[in-house]
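Report on the following structure.
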2 protein chains.
Amino acid sequence: MAVKYKEIADCLERDIRDGKFDTAKKLPTEEELINNFKVSRNTIRKAINQLVNLGLIYQVQGSGMFLREKSITDYINLGSLRGLTKDLTSKIIETKILELHVVTAEEEIAKQLRCEVGANLYYIKRLRIVDKEPFSIEISYFKKDIVPYLNEDIASSSIYRYLIEDLKLNIGFADKVINCEKIGEANAELLLIKPLDPALIIENTVCLTNGTIFELSKSVFHYEKAKILNRINFK
Amino acid sequence: MAVKYKEIADCLERDIRDGKFDTAKKLPTEEELINNFKVSRNTIRKAINQLVNLGLIYQVQGSGMFLREKSITDYINLGSLRGLTKDLTSKIIETKILELHVVTAEEEIAKQLRCEVGANLYYIKRLRIVDKEPFSIEISYFKKDIVPYLNEDIASSSIYRYLIEDLKLNIGFADKVINCEKIGEANAELLLIKPLDPALIIENTVCLTNGTIFELSKSVFHYEKAKILNRINFK
DNA sequence: AAGTGGTCTAGACCACCGT
DNA sequence: CGGTGGTCTAGACCACTTC
């Protein structure tokens, strides 16, 4: 993290989350930030841009930079990598591994992962439990050539923390498709709801910064417990 | 649109959508774009940034700029303003106005819109019909001091086109909350499904660039027909 | 009119990819 | 190593808000 604008962005993000600007609901001017951090204006503006994209602040030409309403916690944040652990901060998150093994890609999965049929994949099925109640079922496939090792320990805590910090993967972008279905019997049983009750589904295709797809996942959420939040900017 | 980087972004977006780079799956280098458009590097990079944020391309340091997989059309795009008409391009979209009148804000709505109880609002309830079949029910509130006039004609086509092009509103950002419920009787009837069938819900709070909330909406989607797509970048 | 963000330029150097 | 993006600087001028 030797990059100035990221350090500044992180610093300001911490300040915002710590409530440092809550009384004014306003950030220092660009001018002031330039002086505080001793960098050029472009660097400050790049840092600020991150905060805008995160949905933390908005800028008004001629007026200043303001805090956005605090988003309700305990919503799933579509735009973050961070997973349940970071989204539902006030809750107890537990994970039960239902399955974890190496499999070979069959046709449909290979097509979606853009890899060869027969390629080695990690297959993981987990039940996520929030405040002692079943919350979601997550099925993931990881390409084994990119994620060479996984175990129950890693899969029980944050897989993404492991991918980023230990494997040093550079995660770049993702496609998420959200819809809603009648839940099947097996999943209903796991989530303690009735078959044909609603289920909120997120299907996720994740790529490295170089464009390689490395993960495919499908999450089935308890319809009464899961809410997704997305903050959008139009520029 | 006298702004260079936006013009360049729009131009490149058009080229991408027209398939101009489909054979190479690669865009010209920054250097080449600088020469083509005769602008500085920063301006080119700002334009490119828009395309990255739209999920159209990705950049790889040391290598180049590449097209992302084409997203399937006929998904609702969470990150766009443009609404069904622009998302479901291959479909016939019709809109039936169920209600449209001026109302006064009662407490709950006033709180969400951060306005006074009793303020004048437009209340609109619409049934959206896609390829001759009911697709969603949309209930919206607009602050009348910001949207002083609306009629059936406008509400039948694209309200946002009217807000942006005719009223010249500067729309800035929005919070979207997505979840899933058992549908009620009245809505089930409109969507031609059964009560207690699933429904995909999007609640939307939209602000001008200056931070003023001006719209609140709730859309109830047919669970078999609606899919939401969101493209995300991690930077 | 003063304050503050938005756009744009020109140029330097660094980091990563592929040959 | 050459090609290509990523970061950073310094300075100019414009556009909008606020008083």
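Every value quoted in this text rests on a predicted model; they were computed, and no experiment measured them. So you know, we letter chains A, B, ... as the sequences are listed, proteins then strands, and number each from 1.
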> Can any side-chain N or O of Lys38(A) pair as donor or acceptor with the backbone N or O of Asn35(A) at less than 3.5 Å?
Replying inline: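 Between the backbone of Asn35(A) and the side chain of Lys38(A) there is a qualifying donor-acceptor contact (under 3.5 Å).
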Can you tell me the distance, in whole Å, between the [atom1] atom of [X] and the [atom2] atom of [N]?
X         : N       : atom1 : atom2 : result
Glu30(B)  : dG2(D)  : CD    : P     : 20 Å
Ile48(A)  : dT4(C)  : CD1   : P     : 13 Å
Phe37(B)  : dT7(C)  : CZ    : C1'   : 17 Å
Ile44(A)  : dT9(D)  : CD1   : P     : 9 Å
Phe66(B)  : dC17(C) : CZ    : P     : 11 Å
Asn170(A) : dC17(C) : CG    : C1'   : 13 Å

Quick one: is [X] getting a side-chain N or O under 4.0 Å of the [N] phosphate, OP1 or OP2?
X        : N      : result
Arg45(A) : dG5(C) : no
Gln59(A) : dG6(C) : yes
Lys46(B) : dG6(C) : no
Thr43(B) : dT9(C) : yes
Ser63(B) : dT4(D) : no
Ser40(B) : dT9(C) : yes

> For the side chain of Gln61(A), counting heavy atoms from C-beta on, which of dT17(D), dC16(C), dC16(D) is nearest?
Replying inline: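 Closest nucleotide among those given: dC16(D).
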> Considering only side-chain heavy atoms of Tyr5(A), which listed nucleotide, dT4(D), dC8(D), dT9(C), is closest?
Replying inline: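 Taking heavy atoms from C-beta onward, the closest nucleotide is dC8(D).
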>> Can you confirm whether the side chains of Asn210(B) and Thr212(B) place a donor and an acceptor under 3.5 Å from each other?
In response: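 Side chains of Asn210(B) and Thr212(B): pair found under 3.5 Å.
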> For Asn151(B) and Tyr149(B), does a side-chain donor sit closer than 3.5 Å to a side-chain acceptor?
Replying inline: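 There is such a pair (donor and acceptor under 3.5 Å, judged by atom type) between the side chains of Asn151(B) and Tyr149(B).
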> More than 12 heavy atoms of other residues, nucleotides or ligands under 6.0 Å from NZ of Lys86(B): is that the case?
Replying inline: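 Check fails, neighbour count at 12 or below.
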>> Check Glu107(B) with Lys111(B), please: is the shortest side-chain N to carboxylate O separation under 4.0 Å?
In response: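 Salt bridge flag = no for Glu107(B) with Lys111(B).
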> So, does the side chain of Arg41(A) form a donor-acceptor pair with the base of dT7(C) at under 3.5 Å?
Replying inline: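 Checked by distance alone, the answer is yes.
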> Starting at the 5' end of DNA chain D and moving along, which residue's nearest nucleotide shows up first, Glu32(B) or Asn42(B)?
Replying inline: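 It is Glu32(B) whose nearest nucleotide is closer to the 5' end.
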>> Quick check: on DNA chain D, is the nucleotide nearest Lys38(A) upstream (toward 5') of the one nearest Gly64(B), or the reverse? Name the residue that is more 5'.
In response: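 Taking each residue's closest nucleotide, the earlier one in sequence belongs to Gly64(B).
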> For DNA chain C, whose closest nucleotide is more 5', that of Asn210(A) or that of Lys6(B)?
Replying inline: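 Whichever sits nearer the 5' end wins; that is Lys6(B).
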